[in-house]
Each structure stands twice: as structure tokens, then as C-alpha cells.
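Here is the structure we will look at.
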Amino acid sequence: MFDIQEIRSQFSILDREVNGKPLVYLDNAATSQKPNSVLEVCHAYYTELNANVHRGIHTLSQLATEEMELSRRKIQKFINAEHDFEVIFTKGTTEGLNLIAYILTQKLQKDDEIIISYLEHHSNIVPWQLLCERTGAKLRVIPIDENGILQMQYFDEFLSEKTKVVSVNQVSNALGIVNPVEEIIAKTRKNTDAYIVIDGAQSAPHFNIDVQKMDCDFFVFSGHKMYAPMGTGVLYGKREILEALPPFHGGGEMIATCSFDGTTYAGLPFKYEAGTPNVGGNIALGAAVDFMNKVGHQNIQNHENALLEYAQRQLLEIEGLKVYGEKAKRTGVVSFNLEGVGISSDVGMILDKMGIAVRTGHHCTQPIMDFFNIAGTVRASFAVYNTFEEIDLLVEGVKKAQRMLA
């Protein structure tokens with residue numbers, strides 16, 4: 001049974017007020033709130049287990065190591081990786097994408113090509129631009145149409161023997177559009193030997209992820225968008241690829257032997273986990289996986305899709321309101337503007353006075369905003385604890401903002 005009130009009772013922050021109003025938190029694409037079970041795991045680590053991992057023979061170190069490696073195995077099952085050592089702990093999606101772009105430097109040369117899309121977050125644009133600067137490679141960008149849908153005929157044209165990397169998000173953070181990654185991967189596999197990178201920051205919180213079925217080479221996501229603490233994330237990479245590529249950071253934990261004459265590197269996953277990890281956060285990421293598994297992926301997806309459909313229907317009844325990507329397949333996000341209201345942040349500030357938290361601005365996707373010739377949007381994004389009543393409050397708030405600003 002899907003019991004929304006029981007789910008909400010697990011998030012203590014939802015009981016608070018903002019500006020004298022009950023909190024309506026609709027900024028989940030930026031970061032989700034954390035259930036008490038996750039917070040309790042964080043607290044328990046620092047009050048009962050606090051020790052560095054993998055390096056100590058004493059009891060606390062061994063217990064902390066066991067808990068973090070248990071979390072790694074939970075994540076392995078969560079994304080259906082073949083091996084637990086293909087799960088690399090990171091600070092989040094941005095670090096994961098930068099790591100991949102850096103370690104692929106030796107695999108690219110002048111005039112090789114990297115394909116991304118217009119729907120990417122800056123963190124899936126800038127690392128590839130930096131890689132192009134280092135190597136002389138060129139960036140090709142799949143355009144979008146007026147609905148924000150990728151124009152796949154251009155992807156077909158771009159694919160060639162020059163293509164060395166294809167990196168796209170599974171879901172757009174700005175518009176919530178679900179991209180055809182299965183089609184992109186299949187065409188890439190058929191026509192090239194390029195590395196395939198999937199940004200799952202906005203899909204891991206909403207979808208059932210199966211990296212083996214997907215057949216991507218890399219998959220990255222952040223913990224803090226799926227009910228885990230900030231500063232946590234995962235890079236999945238296929239074993240044979242990670243073993244063949246160089247490390248990212250040098251330091252403790254990632255070495256097998258170290259001398260002034262040279263260093264050899266540890267095996268996976270430690271080759272890519274230099275330094276002291278975010279042990280408490282990584283353990284709590286496993287607890288967030290437990291929470292999502294308990295609620296059920298299908299329950300999460302069904303509820304959030306129902307919220308999106310209801311929110312879009314209600315918002316579009318407001319005269320002069322435009323939803324971006326309205327006709328595209330989407331999840332978790334409705335991104336909109338009001339006609340005659342030039343600054344999306346003005347709407348956001350009025351909503352905040354009513355206790356409603358949304359995100360405004362360009363959402364780290366300036367090319368999308370440039371395409372639509374706008375400075376930004378108002379973005380409401382949903383999680384499993386949001387309700388239809390909260391959508392009603394959002395709609396009332398948008399109507400009030402329109403009366404005040406138009």
C-alpha cells in the first residue's frame with residue numbers, strides 16, 4: 001500500500017513552517033529532503049562508529065569499513081552493476097563527470113569528436129569543453145525542437161568514426177524531459193566504439209536503473225537528489241574500462257605500492273577513491289537506497305507522474321502561463337513562465353512568502369534558456385512525499401504572483 005501520510009511522517013522537516021506557512025517543498029530537482037532513517041544512520045555513524053575505513057585493525061575502523069562496503073553492495077544492486085567494485089563513491093554527479101572527462105584525456109586526439117545535447121546541465125558541458133581544449137577534439141551538440149525534444153536525425157548525422165564519446169543525461173534537470181538513451185546507446189554501439197556516458201542525476205531518484213541492460217560504459221548520479229546527504233554520489237564504470245584507464249586523484253588509499261622510484265595503483269574501486277571518503281555520507285546513501293526500495297520504484301514513479309500530470313493540467317488553466325517541454329515525455333518537473341512577468345525570481349519570491357519553495361533562474365542550463373530566448377523559468381519539481389494539496393497551493397500562489405506582477 002502507498003500511504004502518502006505515512007511517507008511524509010518520515011520527513012521531519014516537512015513539519016516546519018516558512019514565513020508562517022506550512023512548508024511546501026517543490027525544489028527536489030535541486031536536492032531532496034532526507035527521511036529520518038537516513039538522518040539516523042548519519043548520526044549513528046558519528047556517535048557510534050566514527051573511524052577511518054580500510055586502514056585500521058581496531059574495531060571501529062573494521063565496523064565502519066563493513067558498513068560502507070555494505071552500502072556499496074546496496075548501490076550495486078540498486079543500479080544492477082555486475083560487480084560491487086564497479087561502484088565508485090564520489091562527491092556527486094559533477095565530480096563523476098569531471099573524473100570521466102579527465103581519465104579519457106589520453107584516449108582522444110585532435111579532430112576526434114564528443115557528442116552531447118542541448119539539454120545538458122553545465123556539468124555535462126564544461127568538462128567536455130575542457131577535454132576538447134586539452135586534446136583538440138571537437139564538441140557536437142544534438143539540437144532540440146520547440147518542445148525541447150532532441151532532434152535525433154542530427155545525432156545520426158554526427159555519429160562517425162571520429163566519435164569517441166557520447167555523453168547525455170537521461171532526464172533534463174531544467175525541463176524534466178526524458179531522453180531516448182536506449183536509442184542513443186543502441187545507435188552508438190552499432191556505428192562506433194565510442195565511450196557512452198549517462199548522466200543519471202535526475203533519473204536515479206525516479207526510475208529503476210539497470211546499467212547492464214542499458215549497456216552504458218559510465219553512469220553517474222548524486223545521492224543528495226535521492227534522499228541521501230549532500231556530498232555523496234556514485235560513478236559506475238564497466239570493469240574492463242576502469243581497469244584500463246588512469247586514476248583521477250593521487251594520494252592515500254589508491255596505491256598498491258608507493259616509493260620515490262614509482263607508484264603502482266590499487267585495484268577497483270580504490271584506484272578511484274583517493275583520500276578519506278565521506279564515510280558517514282556513503283553509509284547513509286545505502287540507507288537512502290533502503291528507503292527507496294521499501295517504498296518501491298514503481299510506487300515512486302506512479303505517484304510522481306500523477307503529480308506532474310495534475311500540476312501541468314492545473315497550471316495550464318492559468319491564462320498566459322507557458323510550460324516548457326509541455327508535449328515531451330517528462331518526469332518530476334514542470335518548468336514555466338508567466339506572460340508579462342520578466343523575471344522568474346519575482347514569482348519565486350512571492351511563492352516563498354507563502355511557504356512554497358521552488359527554483360528559479362537558468363538551472364545551470366543556459367543553452368536551453370538561450371534556445372527559448374528567456375532568462376530563466378520557475379521550476380517546480382516533485383518527490384515521493386509531495387501531495388496534490390501542495391500542487392493546489394502552488395497554483396494559488398502562481399495566480400497571486402500573476403495578479404501582483406503582471
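Counting from 1, the numbers follow the sequence of the chain as shown. Nothing here was measured: the structure is a model prediction, and the numbers come from that model.
Side-chain atoms of Tyr227 and Asn28 include no donor-acceptor pair closer than 3.5 Å. A side-chain N or O of Gln10 and one of Glu6 form a donor-acceptor pair less than 3.5 Å apart. Under the 3.5 Å distance criterion, with hydrogens and angles disregarded, a donor-acceptor pair is assigned to the side chains of Gln298 and Asn302. Side-chain atoms of Asn36 and Ser12 include a donor-acceptor pair closer than 3.5 Å. No side-chain N or O of Thr59 forms a donor-acceptor pair with one of Gln62 less than 3.5 Å apart.
A distance of 4.5 Å separates CZ in Arg140 from CD in Glu113, rounded to the nearest 0.5 Å. The CG atom of Asn50 lies 12.5 Å from the CG atom of Leu63; values are rounded to the nearest 0.5 Å. With rounding to the nearest 0.5 Å, the separation of CG in Asn173 from CD in Glu120 is 9.0 Å. How far OG of Ser344 is from CZ of Arg359: 11.0 Å, rounded to the nearest 0.5 Å. Between the CZ atom of Phe158 and the CD1 atom of Ile114 there is a distance of 13.5 Å, given to the nearest 0.5 Å. Summarising the geometry, atom CD belonging to Glu389 is positioned 9.0 Å from atom CD1 belonging to Ile4; distances are rounded to the nearest 0.5 Å.
Across Ala204 and Met226, no two heavy atoms sit closer than the pair CB-SD, 4.2 Å. Residues Val347 and Val341 come closest through the heavy atom pair CG2-CG1, 3.8 Å. The two residues Lys162 and Asp111 make their nearest non-hydrogen contact at CD-O, 3.7 Å. Scanning both residues, Leu60 and Glu48, for their nearest heavy atoms gives CD2-O, 3.4 Å. Nearest heavy-atom pair, Val38 versus Pro229, reported as atom, atom and distance to 0.1 Å: CG1-CD, 4.0 Å.
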* Could you go step by step and tell me if Arg379 and Asp27 meet the side-chain contact (heavy atoms from CB on, under 4.5 Å) rule? -> CA-CA 8 Å; Arg379 184 187 72 186; Asp27 193 20; 3.6 Å; yes
* Asked: Yes or no on salt bridge (charged side-chain N to carboxylate O under 4.0 Å, His left out) for Arg72 and Glu69, after CA distance, side-chain angles and deciding distance?
  -> CA-CA 5 Å; Arg72 195 190 305 272; Glu69 293 308 314; 2.8 Å; yes
* To do: Report the C-alpha distance between Lys187 and Glu183 in whole Å, list the side-chain angles of each, state the deciding distance to 0.1 Å, and finish with yes or no for salt bridge (charged side-chain N to carboxylate O under 4.0 Å, His left out).
  => CA-CA 6 Å; Lys187 289 182 174 180; Glu183 178 185 354; 2.8 Å; yes
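Residue pairs meeting the ring pair (Phe, Tyr, Trp, His ring centres under 6.0 Å) criterion with at least one member in residues 341-385, sequence neighbours excluded: Phe11-Tyr385, His122-His362, Tyr324-Phe372. For residues 125-134, the side chain to side chain donor-acceptor pair (under 3.5 Å) pairs, not counting sequence neighbours, are Thr105-Arg134, Asn124-Trp128, Trp128-Ser167. Residue pairs meeting the side chain to side chain donor-acceptor pair (under 3.5 Å) criterion with at least one partner in residues 87-102, sequence neighbours excluded, are Thr93-Ser222.
No side-chain heavy atom of Leu405 sits less than 4.5 Å from a side-chain heavy atom of Leu338.
For the pairing with His297, the ring pair (Phe, Tyr, Trp, His ring centres under 6.0 Å) check across Phe291, Phe207, Phe78 returns one residue only, Phe78.
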